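Encoded as structure tokens, the structure appears first; notes follow it.
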Number of protein chains: 2
Amino acid sequence: MARSTPVRWRDIADDLLRRIESGDLSPRGTSSGRRRLPPEKDLETRYGASRNTVRDALSYLQQQGYVVSEQGKGTFVVHRPDIVHVTLSAAEIDLAPGLGTGEWYNRDAHVPGHRKVRVSPVRVEVQEGTKVIARYLQTNPGSEFILRHQELYLDEQPWALQTSFYPLEFATGGASRLLYPRDIPEGAVAYLRETLGYEEVGFHDEIKARVPNEQERRFFGLGESAADAVFETVRTAYSPDGTAFRLTVAVWAADRTRLHYNDGQVPLDVLSAPGTGPPGGADADAGNADAGNAVTGNAVTGNAVTGKDADATAKGSPSESPSSDDAESG
Amino acid sequence: MARSTPVRWRDIADDLLRRIESGDLSPRGTSSGRRRLPPEKDLETRYGASRNTVRDALSYLQQQGYVVSEQGKGTFVVHRPDIVHVTLSAAEIDLAPGLGTGEWYNRDAHVPGHRKVRVSPVRVEVQEGTKVIARYLQTNPGSEFILRHQELYLDEQPWALQTSFYPLEFATGGASRLLYPRDIPEGAVAYLRETLGYEEVGFHDEIKARVPNEQERRFFGLGESAADAVFETVRTAYSPDGTAFRLTVAVWAADRTRLHYNDGQVPLDVLSAPGTGPPGGADADAGNADAGNAVTGNAVTGNAVTGKDADATAKGSPSESPSSDDAESG
DNA sequence: TGGGATTTGTTCGTATGTATG
DNA sequence: ACATACATACGAACAAATCCC
């Protein structure tokens, strides 16, 4: 066992990956800036394999998220977008004067830097609550909810899909603007405080990572690779008497998003610019892109100690490279 | 355009998936409890397609994480493990009397219910800090760190990989037990308070989702499917003077883990048992497994409003089902 | 223990369809 | 209309791992 490479397609895939990461392949694309791989026919002769075997290699690289093939055009290296750091904890950052950098979106999410958040028109529906929604909002299944859905763009790039749920009684009881398909500029939280006196004194977040569905793929521009995941955050907001009065579900593309939470006393520069290190510090690591875990590196999980059997599949293993996209946005 | 199904392999995949989810396939496996699909040769005749086309369908299902094929044995339905809800925010849950259910692990993570946490022997290394570590801990690159790595098991199931970093001066300055490859039962945080007087008054968490590497695949028992991801949480802990004195990196399998954060006033039952709904409530949704997003369902992102072009690939799309694993563990 | 049957993995060849330029 | 390039589909052969009698 443990032959380094029992299969041809893996050889080809590894070689292609090496050349992709060394910046070797295709000095210029056909027209745009996209890096393009040689056509399958060329690879056929280059590697002396049949087209089907070449396609096995390409299929693997596509599944792993390194390349994407488009009919009639070619196979292209996947462009990894810049990372966006989003702070979800409601830190007192906006209370501290002089730290006005960064944008809040409706008190739920904060991004550092001077970025423009644009929201799509709101889509409003009235729904009979599902069991799951009833579970989160602690109401009985069958009661009605207002659903408000928005698409969020950050600097005109797809950023997040957000859906909020409110009991229908809120609209009939004074907060009628919840039913209008228009943005509430001051934020729904502030609006509910003004109209109904609801104070949001705490929240609970649940975070999952999963494979995107078709709509999410379209919005975020994700491929079929199944290597890219999305975050789904579910926020339940509570009023002083302990009732849940808001449920907000947000979906973020995991390849370009880092979520941040602060708790207790945290230095202000970390609050305002997470993921970028000390302001005057060592220039962060913009673009150094070391392989393996961004933090622990190979030394931790590497085969020095743990990996007593650095066996077959671990070879040139691309499995350590997907997290090598550590380019910073700030 | 927009023929419902232009391709045969997709028809086969959709039909297989439907039968998988209806519990149709294989009343009993060969021996163990694993549900097994019919052999490729049988599917060949059943669907009247060539073996390669059948394999295209199976390859798709495998890539999406629904099945796994093993040479010489067969193709099996992937077993989705129970969900574990982990609370990472340092709520005052342990200060509230009478809520003693659940286990804390070193003040960093809390799981509800009466579960047994077991930790592997600690592996200790002394490392020259990488740029990334230096960035988080705000020290200059090149200084040395103590690395303490543990594997965590929950009820004897692989649960998390955890690595903590401390400046080497801590050990030479009094906290020498950091260098011993033994567990610190009271927790490193308490130990550092006793020995060095370090008080942990706040922390910052950064969360990413990525593809697991080879070691993580082995530990968590993940397949090659590339559909399963891991969470990586990076916790930086701060002392009152604002210095970062601890960096803890944890890796969790995303398919069986939900992360939770609380902020402000949150009802006690949510704090103690997140993800399970009200204690006496509507029995949650254990095992109902509705398709689509667990919360928003098809009604939100569905093609009713947004999907004006409910085109080809969206068909019986399995893309909406990966998140259908909503079984609860409690 | 052995050996044949079963089952998936790999590789080739070939042909045709579809999208792009 | 034509060439390019990827997508789909068929058939065939052998290898490798496992199962079963």
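In what follows, every chain begins at residue 1, and chains take the letters A, B, ... in the order their sequences are listed. Note that the structure is a prediction, hence the values are computed from the model and not measured.
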Measure the distance from [atom1] on [X] to [atom2] on [N] and round it to the nearest whole Å.
{"X": "L37(A)", "N": "dT4(D)", "atom1": "CG", "atom2": "C1'", "answer": "16 Å"}
{"X": "K73(B)", "N": "dC20(D)", "atom1": "NZ", "atom2": "C1'", "answer": "15 Å"}
{"X": "Q71(B)", "N": "dA5(C)", "atom1": "CD", "atom2": "P", "answer": "19 Å"}
{"X": "Y60(B)", "N": "dA7(D)", "atom1": "OH", "atom2": "P", "answer": "15 Å"}
{"X": "E40(B)", "N": "dA16(D)", "atom1": "CD", "atom2": "P", "answer": "18 Å"}
{"X": "D11(B)", "N": "dT8(D)", "atom1": "CG", "atom2": "C1'", "answer": "13 Å"}

- Message: Quick test of your reading of the model: are D255(A) and R80(A) salt-bridged, counting only N-O distances below 4.0 Å?
- Response: yes

- Query: Thinking salt bridges, do E70(A) and R34(A) make one under a 4.0 Å N-O criterion?
  - Reply: yes

- Message: With each end axis built from five pairs of C1' atoms, what bend angle do you get for the helix from dG2(C)-dC21(D) to dG21(C)-dC2(D)? Round to 10°.
- Response: 10°

- Item | Of the listed nucleotides dA19(C), dC10(D), dT11(C), the one nearest the side chain of R8(A) | dT11(C)

- Under-4.0 Å side-chain N/O to phosphate OP1/OP2 contact, S69(A) with dA5(D): no

- Query: What are the residues of residues 47-56 of chain B, sorted by number, that bring a heavy atom to within less than 4.0 Å of DNA chain D?
  - Reply: A49(B), S50(B), R51(B), N52(B), T53(B)

- Message: Can you classify the ring geometry of Y60(A) versus W9(A) as parallel (below 30°), tilted (30 to 60°) or perpendicular (above 60°)?
- Response: tilted

- Item | Non-neighbouring partners of E44(A) that pass salt bridge (charged side-chain N to carboxylate O under 4.0 Å, His left out), sequence neighbours left out | none

